[in-house]
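Ligands are counted one by one from 1 in listed order, and the atoms in each one are counted from 1 as well.
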Amino acid sequence: MASLRPTLDSRALVRGIQPRLRAQSRIVAPLVPRTVCQVAKVDETVSMEEELVRLRRENELLRQQLALYQQASKPASDAAAAAGAAPVAASAAAATAAVEVLEAPATVQEPSIDGGILWPTAGERFWERAPRTAPAPLECGAAQQPPLQRDANPLHIVHVTAEMAPIAKVGGLGDVVTGLAKAAQARGHEVAVMLPFYECLPTDQIEGLKHEADVEVPKGYRWDGEMRVGSLRTSVFWGRVQGCPVFLLRPAAGTNSNIFRGGRIYGGSYNEMEAYLYFCRACLEYLRASNQHPHVLQLHDWHSAAAALLFWEAYNPGAAWSRTRVMLTIHNMDNTGECRQDEFSFSGLPGEAFATIDKALDERTIGHNPERLNLMKGGIVYSNAVTTVSPTYANEVLNGGAAGWLRSTFARPELRSKFHGILNGIDTEEWDPATDPLLPANYDAERPQGKALCKKFLQQGLGLSVDPRKPLVAVVSRLVPQKGIHLIQAALHRTLEAGGQFVLLGSGHSDGVFRGLAEGKLRNHPDCSLKIMYSERLAHLIYAAADVVVVPSMFEPCGLTQMIALRYGAVPVVRRTGGLADTVFDVEAAAAPPAGAARNGFVFDGSDEGSLYGALDRALALYDKQPGRWAALSQDNMRLDVSWAKSAGSYVDIYRSVAVA
Ligand code: ADP
């Protein structure tokens with residue numbers, strides 16, 4: 001049965017300030033029921049400028065679609081010539097097929113797999129345009145999905161998060177929120193996501209976007225060197241992203257706040273700590289004002305961890321919220337949200353109330369003046385359940401060094417017992433080589449031919465030598481120390497020495513060394529392309545083209561790239577840590593993989609170059625010497641279940657274990 005409040009009762013400490021806060025927090029615009037989608041509301045809340053941008057974009061897309069249909073109705077040879085696709089122009093078979101379709105429309109032809117590909121030229125930003133004349137994917141059919149399970153007694157789950165793919169994705173956090181939300185929704189639960197309304201969000205990808213309400217949110221301000229609590233009028237919008245309901249929150253127009261403004265998700269000109277503390281408070285304030293009582297509030301990482309503290313201390317959950325429980329999901333312990341006590345007041349609540357060892361005091365700062373708070377620690381203490389994203393990482397947190405400065409927090413029995421590791425899945429609709437519209441050719445385990453065309457497409461577009469026999473080794477990653485920068489470099493050089501090709505897509509504060517190589521020694525190299533940038537579209541093309549995907553992380557809570565690689569028929573080479581150890585099993589290991597898993601890649605243990613070479617060399621040798629076995633491995637990998645099916649079930653179990661019946 002669910003325990004109510006997590007581990008401690010410090011409510012008395014903050015009781016004194018509650019009446020004042022409650023008086024400040026009032027809703028200032030009537031809430032519009034979600035089902036009533038009023039056009040007038042849209043006009044009120046989306047500025048003319050935004051609407052013009054949206055319409056222009058829509059027009060541009062329509063024009064592109066029209067052009068593609070017009071091209072598709074021409075013989076394939078014309079289309080290929082128009083695309084300037086000399087070396088690998090549409091095959092004679094494709095041209096014949098096109099002529100046959102034109103002359104004898106009654107005959108149903110099996111579509112030619114390479115007809116209609118708009119082959120790129122080197123130097124072109126080919127990933128930014130459609131890869132085929134036909135806008136729809138080939139009639140390959142979606143890859144097989146595990147059967148969908150519907151749960152009885154659906155729950156109401158609300159995620160509070162800083163990222164959500166594809167509209168606000170920086171790394172795996174965004175993928176996980178969307179994938180898990182969709183999977184739980186598909187099982188019959190009522191799910192919604194609360195996300196900052198970053199200025200840079202692509203609003204054209206948010207279906208039915210409309211203004212929902214304005215609320216006054218309690219908030220601390222610096223005034224004459226002191227923190228004072230006032231309020232910030234906040235606008236709440238609603239829409240759907242990939243079918244999932246999303247609430248988007250930002251300071252109302254005219255408030256002069258720069259929170260969530262700027263061209264990027266993180267690193268805008270505003271104070272990030274202030275912004276996420278305000279966001280946590282605003283989410284709770286809106287849920288309260290709109291009378292929503294979810295069974296579970298699922299918080300993600302330090303950005304939303306403070307909502308657990310605020311929920312129990314500022315709202316004194318009573319009658320209205322008596323059924324709501326809080327859960328924190330830790331995606332990475334690397335950043336735990338160190339916060340000055342006075343800064344915490346941006347949330348509208350004084351930080352001193354939490355500055356004790358049993359609550360949120362950051363133990364690293366004991367003896368400093370002033371001592372600080374650690375939001376992740378507070379989130380762990382104040383949540384009814386805490387999860388992280390793989391069983392091995394959970395074990396590393398509890399028993400290895402992964403908890404870092406939070407190791408004494410995780411030494412507390414009452415906190416250990418509510419901590420669980422659940423492996424992430426990937427969104428298999430978004431990542432499906434059989435239907436992926438970003439690929440020049442679709443494929444699956446039964447019809448794998450399209451993968452070779454994807455490789456040729458990428459080689460040609462990146463200006464690499466077009467050679468089907470060269471192993472294409474890829475890395476798609478944030479470039480930060482966690483990801484094993486020295487090992488990525490080692491993989492690059494080893495691959496080139498072995499006569500293979502290396503493609504990197506990544507960016508981050510440790511990308512300098514790769515920028516240097518891309519602009520210097522490896523510029524225009526026929527076997528190496530280093531793209532120091534972020535591009536979701538190019539990532540899809542790289543996974544589809546890759547033979548090998550290297551993930552040599554120093555630590556990896558779960559890792560999604562190795563799972564996407566498997567789904568796209570690439571073979572992962574990984575360092576045995578965290579979720580990589582739970583998802584990749586060496587093809588040459590004597591020990592059998594765990595039940596339900598398969599030998600699917602190459603694994604190494606050390607953190608030196610020699611250890612990486614051991615695994616990478618074995619992969620390249622298998623590719624070179626045993627093409628038949630390699631092809632079978634690639635196809636078997638495509639068949640593996642890396643979906644959310646199983647993991648969503650584990651999350652539902654945790655939701656039920658804390659939820660009030
Ligand atoms: P993390 O969350 O630590 O960044 P994960 O492996 O969990 O690592 O998730 C990374 C996600 O971000 C994957 O979907 C990967 O394809 C994507 N990704 C990482 N870097 C880039 C990039 N430069 N361009 C496009 N996608 C990227």
Legend entry - M554 to R575 - nearest heavy-atom pair and separation: O-NH1, 2.7 Å
Legend entry - Distance (rounded to the nearest 0.5 Å) between N332 CG and Q482 CD: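 Answer rounded to 0.5 Å: 5.0 Å.
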Legend entry - Check ion pair D527-K470 (N to O, under 4.0 angstrom):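 Yes, D527 and K470 are salt-bridged.
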Legend entry - Pair D175 + K169, salt bridge at N-O below 4.0 Å: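 Salt bridge between D175 and K169, a charged N being under 4.0 Å from a carboxylate O: yes.
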Inset, instruction - Please check if atom CZ in R364 has more than 12 non-hydrogen atoms from other residues, nucleotides or ligands closer than 6.0 Å. - result: yes
Inset, instruction - Report yes or no: is the cationic atom of K456 (NZ for Lys, CZ for Arg) under 6.0 Å from the centre of the six-membered ring of W119, at an angle within 45° of the ring normal? - result: yes
For each nitrogen or oxygen atom of ligand 1, which protein N/O atoms lie closer than 3.5 Å, and how far apart are they, rounded to 0.1 Å?
from	atom 1	to	atom 2	distance (Å)
ligand 1	2 (O)	G172	N	2.6
ligand 1	3 (O)	R478	NH2	2.8
ligand 1	3 (O)	K483	NZ	2.8
ligand 1	4 (O)	R478	NE	2.7
ligand 1	6 (O)	L560	N	2.8
ligand 1	7 (O)	L560	N	3.4
ligand 1	8 (O)	K483	NZ	3.1
ligand 1	9 (O)	G172	N	3.2
ligand 1	14 (O)	K169	NZ	2.8
ligand 1	14 (O)	D175	OD2	2.8
ligand 1	16 (O)	Y543	OH	2.7
ligand 1	23 (N)	M533	O	2.9
ligand 1	24 (N)	S535	N	3.1

